[in-house]
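This is a predicted model, so every value here is computed, not measured. First the proteins, then the strands, lettered A, B, ... as listed; each starts at 1.
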Number of protein chains: 2
Amino acid sequence: MSQKVTIATVAEYAQVSRQTVSNVINTPEIVRPETRERVRAAIATLGYRANQAARQMRTGRSRLLAVRIEPAGDGINGSVADRFLHGLTDAAGAAGYRVMLYTAVDDNDEIATYDDLLGAYDLDAFVLTGTGHGDPRTSWLAGRDVPFVTFGRPWDTPDLHPWVDVDGADGVAQATRRLIATGHRRIGFIGWPAGSAVGDDRRSGWESTLTEVGLDPRGLARETHDGIAEGEATARELLDLDDPPTALVCVSDSLALGALRAYPDPAGSLAVIGFDDTPVAAAMGLTSVSQPLREAAAGCVDLMVGVLDRAPVPPAPLLLRPSLVLRQTA
Amino acid sequence: MSQKVTIATVAEYAQVSRQTVSNVINTPEIVRPETRERVRAAIATLGYRANQAARQMRTGRSRLLAVRIEPAGDGINGSVADRFLHGLTDAAGAAGYRVMLYTAVDDNDEIATYDDLLGAYDLDAFVLTGTGHGDPRTSWLAGRDVPFVTFGRPWDTPDLHPWVDVDGADGVAQATRRLIATGHRRIGFIGWPAGSAVGDDRRSGWESTLTEVGLDPRGLARETHDGIAEGEATARELLDLDDPPTALVCVSDSLALGALRAYPDPAGSLAVIGFDDTPVAAAMGLTSVSQPLREAAAGCVDLMVGVLDRAPVPPAPLLLRPSLVLRQTA
DNA sequence: TTGTAGGCGTTATCAA
DNA sequence: TTGATAACGCCTACAA
């Protein structure tokens, strides 16, 4: 590696003072165009890059944001996190920020990590994913004025902080309408146990859509934990009804894949739609609701930059609309 | 947030000089035990955390390592990257390092990013994944003495840098032996086009195992690009042979899932084994070769710490053994 | 418009 | 064993 290029190297090369170089970088408009160009040429020639550590010491800003990487879990829905992360890294990079990763086993552990990260690296902001009811993390961060954005609505205390989310109810409504449009009248729903904010929201999209068009949702919803086996068992329950559904909307792809297994005839007429458009769904031909994760990540970065760079006007939240990816199962 | 706690705050609180506090942190053995404890108590009480930016300015080390996050791709195999990343973040954290993410569209873009990252953040090391033949990235990094570790063998120039890898040939051999043990004699292989280092390695495990036990591999291997549809078509080809295989080993889960589709009877007797133990495999009951990604990530961190902290003795590479996860398909 | 001085928090050097 | 001093690279304030 060539010798370290500092602002002094550039200054010398361009025959100006260090301060002028700094000005060219930070407030170019106050430098005479002629000088500015000379300095810029020097920067390019020497391959100068401002040292973030030194800059951070002066400005207190690290241009670093942190996001938690979660264990794959059942894995099927894990790819959501992966795609979000990639989008976030891209968008952050475009805005001049870098993404730092951390892991945590639970909320308390995560809060301890905030403390660490903040103390050691002076992180500019955090991006939280998967907020739930009464999230202790948001109150901790808000309590210390640490900038953060959540991917996921603040379900209890709306608008205390910037957030981006995908309208799950709308996604499920799209799925339901698709089934109605293709002739189904008995449309069931397999959801997560009541109390999960995301799950309840998605279910509401099914219920309201049926009600709107005059169909009766009663008796056609079931709750279960996530998983293939659970989806299969629950779908069987519904199919065993006296007047069974001919189509199922599921709150996740895992449950949807299970539901597909419940119907013995592979060419059968049970329509199934999942949620998240995971790779498995694509592989299996499962119609599914797709979240615009790239846009969501970009939105998080926009909001964050808004909070960090601009006036203290809390940026407006962003609720994105998912889309339905049609495949073979509906 | 309470006032910023610096080394000076601690020094004052513990009635010592800043330097003594620094010594307690970095070279505790040279500080009198009595003083040491007093300083440690002060650190704990005040919640002091060394500022990395300042430390970096002095030492030139950032305790940061960078890894590329790749787009999900076909997604099925994407979860491999995800699990590796999680393990890496965990292991790095335990060793006092943090992981920074970056994206790149190709090798040149990635090299440009190295330059950026090195200049701006003084990264301590890079972790590269998925090395191929004649990888330009490794030569660039090696050329500037930037420490790095690869997850993936240097296929051309062995041992020029530390690496961790999983023995793909062994994994496929395990799969092949399993099929032989369960009575199969005609065992086919669906691989990637020759020339991909990883793919060729895996195929060799199949070929050598068959040969060892006196079975004939000839005519039973096919090459195709990755994908469900490709797997299905290729499997059909093999099943259409005069003397078709009764079992297939596939170089990836995607191909294996496709192969499963080729056999019309769901309860059929075509045994199939995939590679990577992706969530989809788990969901579909596909027997698959599982890479010890957590261990691989930990190994990368170990090697990196070795390079950074210790004598310039190049650490020994680490070749891990995968395991076969038995499910319904074999 | 450009240059000079000082300090951000830390650690290496050297003196006490 | 402990403490004073300087320096890492940058930016802000102020002076020229």
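The nearest whole Å value for the distance from the CD1 atom in I30(A) to the C1' atom in dT12(D) is 11 Å. Atom pair D122(B):CG and dC10(D):C1' shows a separation of 13 Å (rounding to whole Å applied). Spacing between atom CD1 of I25(A) and atom P of dT12(D) amounts to 11 Å, rounded to whole angstrom units. Per the geometry, CD belonging to E34(B) stands 11 Å off C1' belonging to dT1(D), to the nearest Å. To the nearest angstrom, C1' of dT12(D) lies 8 Å from CD of Q19(A). One can place CG of N51(A) at 18 Å from P of dA7(D), the figure rounded to the nearest angstrom. Counting to the nearest Å, the P atom of dG9(D) and the CD atom of Q56(B) are 11 Å from each other. Atom CD of E29(B) is separated from atom P of dT2(D) by 13 Å (rounded to the nearest Å).
For dG3(D), one of the phosphate oxygens OP1 or OP2 lies less than 4.0 angstrom from a side-chain nitrogen or oxygen of T20(B).
On the nucleic acid side, DNA chain C contacts chain A at distances under 4.0 Å to non-hydrogen atoms, with the end points of that region at dT1(C) to dG9(C).
Between Y102(A) and Y114(A), the ring-plane angle classifies as perpendicular under the 30° and 60° cut-offs.
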Under the criterion side-chain contact (heavy atoms from CB on, under 4.5 Å), I'd like the reasoning laid out for F126(A) against R68(A): C-alpha separation, chi angles, the key distance, then a yes or no.
CA-CA 9 Å; F126(A) 288 86; R68(A) 173 176 173 182; over 6 Å; no
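Using a 4.0 Å heavy-atom criterion, one finds that A53(B) contacts no nucleic acid atom at all.
Atom CD of Q56(B) and atom OH of Y121(A) lie 8.5 Å apart (nearest 0.5 Å). With rounding to the nearest 0.5 Å, the separation of CD1 in I7(A) from OG in S22(A) is 4.5 Å.
Of the two residues near DNA chain C, R38(A) and R18(A), the one whose nearest nucleotide lies more 5' is R38(A). In terms of position along DNA chain D, the nucleotide closest to N23(B) lies nearer the 5' end than the nucleotide closest to the other residue of the pair A54(B) and N23(B).
The listed nucleotides are dT12(D), dC8(D), dG3(D); the one nearest the side chain of R58(B) is dC8(D). Considering only the side chain of R55(A), dC10(D) comes nearest among dA7(D), dT2(D), dC10(D).
Using modelled atom types and a 3.5 Å distance limit, the side chains of Q52(A) and S62(B) yield no donor-acceptor pair.
The 12-atom threshold is exceeded at CD of E110(B), counting heavy atoms of other residues, nucleotides or ligands nearer than 6.0 Å.
Here the side chain of R49(A) pairs no donor or acceptor atom with the backbone of A120(B) at under 3.5 angstrom.
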